[in-house]
Amino acid sequence: MSAKTKRILRWLGYAAFYLFCLGFFGYLTFPYDRLRSRIQNEFNRSQTGPNALTLRLGHLSSYWGSGVRAEDIELISPPKPPEPGATDDAPKSAKPKVMQIDSAHVRVSLLRLLVGTVHVNFGASAFGGEVSGFTSDADGGRKLELDIDNIGLANAPMIADALGLPVAGALTGHVEFLLPESKLAKAEGKVDLKFSGLAVGDGKTKVLNAIALPKVELGELTLQATAAAGNLKIDTFSAAGKDVDLQAEGSVRLRDPFDQSVLSLSARFKFSDRFMNKDDMTRSLFGSPGAAMPGLFDLVPQNKRAKRPDGFYGWRVNGTVSHPSFQPAALGEGAPVARGPHTP
């Protein structure tokens, strides 16, 4: 081996040893506690309004050298204000809702960073399932892909808050978007989600502050949608469970941020004869099939206006994601009724 080659190898060895020491001691001395506090403070500072969330992170550590992993994560929502007419002690009994995530990680690809591409992998273990995906620079925009595997809905209280009813079941699916100029308002992509064992209601929580809806089993609900130029069109939204037949269509005009996206949807549902005649409670709420006397559910003005001759209840959903508006849709005002496979 020539002297020149030996010198080159020696200097390469020095460089390799320096990089090893830099990475090793950087790993040992990295201020994860300060980073944890910084992430919490930045997130909590960005939350505004009556439904602002609070983030709490547990242990923070390194993840494959170029990423971080957090454990024992909590997202805390403020308690709901008391309903009109509530007793004086209602505010005292109200408690904040806590959504717990077992662990989450984020990692930047160093190899892609060397060629000028920011590629970030992420994932989380939560609610008995897994979420994984990535986001990356792509063709002057940003690409986002997300895989969801068996996420338990009953363990996510904020989902129940958004629906206004307790919810059970599991969510699996895939989401992918290309965001030109990193803008959701120009998104192209698709959504393919499947809810299995879906059920809502518990016999205690009231719908429209009027009716305590018993548990309703929707079975499997499929949501498929396609985004083009920022307009998310609902291709399939249906569930034909043993208790209810649910159908919906329409679109969502995506906006930045997402909670300002504009809804333009129509939905309809119909309870099965078996469910309405299940027991004394359901017969009093929905009336026995074919009975002349309406149930309590139909005495609520909004429900009465929403009911159609074929037994479906039709609704229009407008407004924004953060402030949706539900209005009864008489037959002819919304989309035509499509009879599901379990429609009596």
Side-chain angles (χ1 to χ4, degrees), residues 32-33 35-47 51-64 66-80 95-109 119-136 143-177 184 189-202 205 218 220-225 257-259 321-322:
Y32 287 105
D33 287 341
L35 178 60
R36 178 172 59 85
S37 298
R38 174 75 177 272
I39 294 173
Q40 288 181 161
N41 293 337
E42 290 294 332
F43 179 89
N44 296 336
R45 190 180 298 118
S46 68
Q47 298 293 300
N51 298 317
L53 301 177
T54 300
L55 173 66
R56 290 180 183 172
L57 298 177
H59 181 66
L60 204 67
S61 61
S62 175
Y63 183 81
W64 288 96
S66 61
V68 293
R69 173 187 173 91
E71 298 176 344
D72 300 326
I73 305 165
E74 293 183 346
L75 276 173
I76 305 168
S77 63
K80 282 188 173 182
K95 296 181 179 179
K97 297 291 182 67
V98 180
M99 187 162 63
Q100 296 180 324
I101 300 173
D102 298 330
S103 65
H105 66 265
V106 178
R107 184 176 69 87
V108 178
S109 173
H119 183 95
V120 180
N121 294 291
F122 57 85
S125 297
F127 317 133
E130 302 284 337
V131 176
S132 61
F134 72 87
T135 178
S136 178
K143 188 174 184 180
L144 172 66
E145 289 199 17
L146 179 67
D147 288 299
I148 305 169
D149 182 24
N150 201 37
I151 294 295
L153 303 179
N155 298 321
M158 294 176 191
I159 297 177
D161 287 347
L163 294 176
L165 286 171
V167 58
L171 170 62
T172 299
H174 177 77
V175 178
E176 61 179 67
F177 282 117
L184 187 62
K190 63 180 181 180
V191 176
D192 187 356
L193 302 176
K194 184 172 291 185
F195 299 81
S196 57
L198 186 62
V200 298
D202 58 2
T205 307
L218 288 85
E220 185 175 280
L221 185 148
T222 300
L223 169 59
Q224 295 175 328
F258 174 71
D259 63 1
V321 170
S322 59

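Side-chain atoms are counted along with the backbone in the values below, which use heavy atoms only and exclude waters and symmetry mates. Residues: numbered from 1 along the sequence shown.
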Trp64 and Arg69: side-chain contact (heavy atoms from CB on, under 4.5 Å), yes or no, with the steps? CA-CA 9 Å; Trp64 288 96; Arg69 173 187 173 91; over 6 Å; no
Drop me the distance from Glu176's CD to Lys190's NZ, to the nearest 0.5 angstrom. 4.5 Å
State, to 0.1 Å, how close Ala70 and Leu60 come at their nearest heavy-atom pair, and which atoms those are. CB-CD1, 3.5 Å
Could you tell me whether Arg36 atom CZ has more than 12 heavy atoms of other residues or ligands within 6.0 Å of it? yes
Taken to the nearest 0.5 Å, the spacing of Ser132 OG from Asn121 CG works out to 9.0 Å
Identify the two heavy atoms, one from Ala104 and one from Ile73, that lie closest to each other, and give their separation to 0.1 Å. CB-CD1, 3.6 Å
Are the side chains of Phe195 and Leu171 in contact, using a 4.5 Å heavy-atom criterion? yes
NZ (Lys97) and CD1 (Ile76) are apart, to the nearest 0.5 Å, by 13.5 Å
Any side-chain heavy atom of Val175 within less than 4.5 Å of one from Leu193? yes
Say you draw a straight line from CD of Gln100 to CG of Asn155; how long is it, rounded to the nearest 0.5 Å? 9.5 Å
Out of curiosity, Phe122 CZ to Leu144 CG, how far, rounded to the nearest 0.5 Å? 5.5 Å
Closest heavy-atom contact between Ala124 and Glu130? O-OE1, 3.3 Å
Less than 4.5 Å apart, side chain to side chain, heavy atoms only: is that true for Phe177 and Val191? yes
For the student: nearest non-hydrogen atoms of Ala52 and Pro78, plus distance: O-CD, 3.1 Å
Can you confirm whether Ser61 sits close enough to His59 that some side-chain heavy atom of one is under 4.5 Å from a side-chain heavy atom of the other? yes
Tell me which one of Asp147, Asp149, Ile101, Ile151 satisfies side chain to side chain contact (heavy atoms under 4.5 Å, CB included) with Val131. Ile151
Could you check if a side-chain atom of Thr172 sits within less than 4.5 angstrom of a side-chain atom of Ile148, using non-hydrogen atoms only? no
Main-chain N/O of Asp102 paired with Ser125 side-chain donor or acceptor, under 3.5 Å: no
Hey, are the side chains of Glu145 and His174 touching, using non-hydrogen atoms and a 4.5 Å cut-off? yes
Find out whether Phe43 and Leu75 are in side-chain contact, i.e. whether some heavy atom of one side chain is under 4.5 Å from a heavy atom of the other. yes
Just by modelled atom types, is the Val98 backbone N or O under 3.5 Å from a matching donor or acceptor in the Glu74 side chain? no
How long is the straight-line distance from NZ of Lys194 back to CG of Leu223, given to the nearest 0.5 Å? 12.0 Å
